[in-house]
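For the single chain, residues carry numbers from 1 onward in sequence order.
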Amino acid sequence: SVLQTYATQTVFERLGYKAEFVDYVRPNERVVEHKKSFKEKAVELGKRAVLKATKGESFDKEDHIFKDFVEQYIHLSRHYNSYEELSANPPQADVYCTGSDQMWNCEWNGGIIPAYYLEFAPEGRPRISYAASIGMKEIPQKYKEQVQEMTAKYSAISVRENSAVEVLKTINYPDAVQVLDPTFMLRPSEWEKIMAERPVPYEYVLIYQLNPNEEFDQFARDLAKEKGIKTLRVAFSLKEAMMKDKTIYFPTVAQWLSLFYHASYVVTDSFHGTAFSINLQKQVFVFYPPRFKTRLDSILSLTGLEDRIAEGRHPGEMKEITTYDKVQEILNKERGKAEEFLKGALGNEGV
């Protein structure tokens, strides 16, 4: 998320704009709320001490790591403690934009978040969307009318997955455009600028996993064994850190980039794990997550890499990518498409 924020900022600056991100976090996404939620679950399960200790430490580390990156690289508005505060005194801008990631995923966000639909923006100011993700094949019926009313106020909408274009048609917004996730707009040489040193001196299969999956784990270990190299897992909890694989426990953002950049192979169930693997031209193997797989479907289809889906297969059955030339042609074309969309959407409002 912070890397797509950095990429989005870079894209707007290339076009001659000053970009400022609204420093507002939805209530159920704040670190203190996560801690409270896990504390309540721990009480229910009778494992309060263990869960509180492990999850509390994880959230503290996460908060620290991302705050450091944001403070160093991201231009933020003043901080808003509530939506009411944001609505009463919004940041002043020429254009208001819904940025990337799952901003419009009602399930992921726990309902409709008015701020993510720019409902705080002053009347008469342009509202646009750049690579927003709906993440679902349809909007739940109970939210459709509200989403239709809010998206109708946008002068231009682009989304990250092709399924979202079709979803928006069902709520009377026929002109949405699919564009690349902003992380693709920066080429590998640009990501190198904020990257840490090589994490380990040997070759490795990088495991970047967001959902427990025994088939995934076995595939990664079988792949490493077949190639005669080690596995290296990105761990975000003590449970993951204690797994069989060598782990990098809570890497910084710069280290996370380096892990992908220097990997010989990547096994992942993450959209951005897949996106960075493709952008950095890695041998990537993809497992679908249990929910919200439309983004993965879309990018694999767009780049012609549907054969990277590893579910139900053994590493020995899968061919390696011999060249990324065709993929790069597609990405370059799509980069131009995204830039043209933004130029058209921004019109003459630039700085």
So which atom in [X] and which in [Y] form the shortest heavy-atom distance, rounded to 0.1 Å?
| X | Y | answer |
| --- | --- | --- |
| L186 | N279 | O-ND2, 2.9 Å |
| L86 | Y80 | CA-CD2, 3.4 Å |
| P289 | N211 | CB-ND2, 3.5 Å |
| S277 | Y324 | O-OH, 3.9 Å |
| R221 | T231 | CA-CG2, 4.2 Å |

Between the side chains of [X] and [Y], does any donor sit under 3.5 Å from an acceptor?
| X | Y | value |
| --- | --- | --- |
| T5 | Y73 | no |
| H272 | D181 | yes |
| D297 | Y288 | yes |
| S133 | E161 | yes |
| R187 | N332 | yes |
| Q178 | S298 | yes |

Hydrophobic cluster identity match, [X] and [Y], side-chain contacts under 4.5 Å:
| X | Y | result |
| --- | --- | --- |
| F184 | L257 | yes |
| I112 | M103 | yes |
| I134 | Y143 | yes |
| I229 | I248 | no |
| W108 | I113 | yes |

Has [X] got more than 12 heavy atoms of other residues, nucleotides or ligands less than 6.0 Å from its [atom1]?
| X | atom1 | value |
| --- | --- | --- |
| E145 | CD | no |
| E214 | CD | no |
| K67 | NZ | no |
| E306 | CD | yes |
| K230 | NZ | no |
| E203 | CD | no |
| E192 | CD | yes |

Do the non-hydrogen side-chain atoms of [X] and [Y] ever get within less than 4.5 Å of each other?
| X | Y | value |
| --- | --- | --- |
| F276 | W256 | yes |
| V205 | F285 | no |
| I128 | V95 | yes |
| I74 | Q9 | yes |
| T183 | W191 | yes |
| T303 | I278 | yes |
| Y83 | P114 | yes |
| V286 | D269 | no |

Can [X] and [Y] be counted as an ion pair, charged N to O under 4.0 angstrom?
| X | Y | result |
| --- | --- | --- |
| K153 | E119 | yes |
| E339 | K343 | yes |
| D94 | R125 | no |

Could you go through V179 and R160, starting from their C-alpha distance and side-chain angles, then the distance that decides it, and tell me whether this counts as side-chain contact (heavy atoms from CB on, under 4.5 Å)?
CA-CA 6 Å; V179 297; R160 199 165 62 183; over 6 Å; no
In a check of ring pair (Phe, Tyr, Trp, His ring centres under 6.0 Å) between Y154 and each of W104, Y96, Y117, which one passes?
W104
Could you go through R335 and E190, starting from their C-alpha distance and side-chain angles, then the distance that decides it, and tell me whether this counts as salt bridge (Lys or Arg N to Asp or Glu O under 4.0 Å)?
CA-CA 15 Å; R335 287 175 180 130; E190 295 175 278; over 6 Å; no
Is a side-chain N or O of [X] found less than 3.5 angstrom from the main chain of [Y], in a donor-acceptor match?
| X | Y | answer |
| --- | --- | --- |
| Y249 | V234 | no |
| Y130 | I157 | no |
| R198 | Y202 | yes |
| N109 | N105 | yes |
| S258 | M195 | no |
| N213 | E215 | yes |
| R127 | L118 | yes |
| S158 | A131 | yes |
| Q92 | P90 | yes |
| Q283 | I321 | yes |

Quick check on the 6.0 Å ring-centre criterion: do F260 and Y208 meet it?
yes
Pair F287 and F219, ring centroids less than 6.0 Å apart
yes
What do the steps show when you test V159 against V177 for side-chain contact (heavy atoms from CB on, under 4.5 Å), and what is the final call?
CA-CA 6 Å; V159 288; V177 176; over 6 Å; no
Going through the distances and angles, do E107 and R291 end up as a salt bridge (Lys or Arg N to Asp or Glu O under 4.0 Å)?
CA-CA 10 Å; E107 289 188 18; R291 297 191 302 163; 3.5 Å; yes
R233 vs D217, test: salt bridge (Lys or Arg N to Asp or Glu O under 4.0 Å). Steps then yes/no.
CA-CA 10 Å; R233 179 183 291 272; D217 298 334; 3.1 Å; yes
Determine, stepwise, if the pair L206 / V267 fulfils side-chain contact (heavy atoms from CB on, under 4.5 Å).
CA-CA 6 Å; L206 180 65; V267 184; over 6 Å; no
Does the pair Y265 and E320 meet the rule for a side-chain hydrogen bond (donor to acceptor under 3.5 Å, both in side chains), with working shown?
CA-CA 10 Å; Y265 301 87; E320 292 195 4; 2.6 Å; yes
Audit row: Q72, D68, side-chain contact (heavy atoms from CB on, under 4.5 Å) steps and yes/no
CA-CA 6 Å; Q72 183 174 359; D68 284 351; over 6 Å; no
Run the side-chain hydrogen bond (donor to acceptor under 3.5 Å, both in side chains) test on S77 and E20 for me, step by step, so that the C-alpha distance in whole Å, both residues' side-chain angles and the decisive distance to 0.1 Å come before the verdict.
CA-CA 6 Å; S77 71; E20 182 179 77; 4.9 Å; no
Start with the C-alpha gap between K337 and E340, add the side-chain angles, then the distance that decides, and say whether salt bridge (Lys or Arg N to Asp or Glu O under 4.0 Å) holds.
CA-CA 5 Å; K337 175 183 171 184; E340 287 305 308; over 6 Å; no
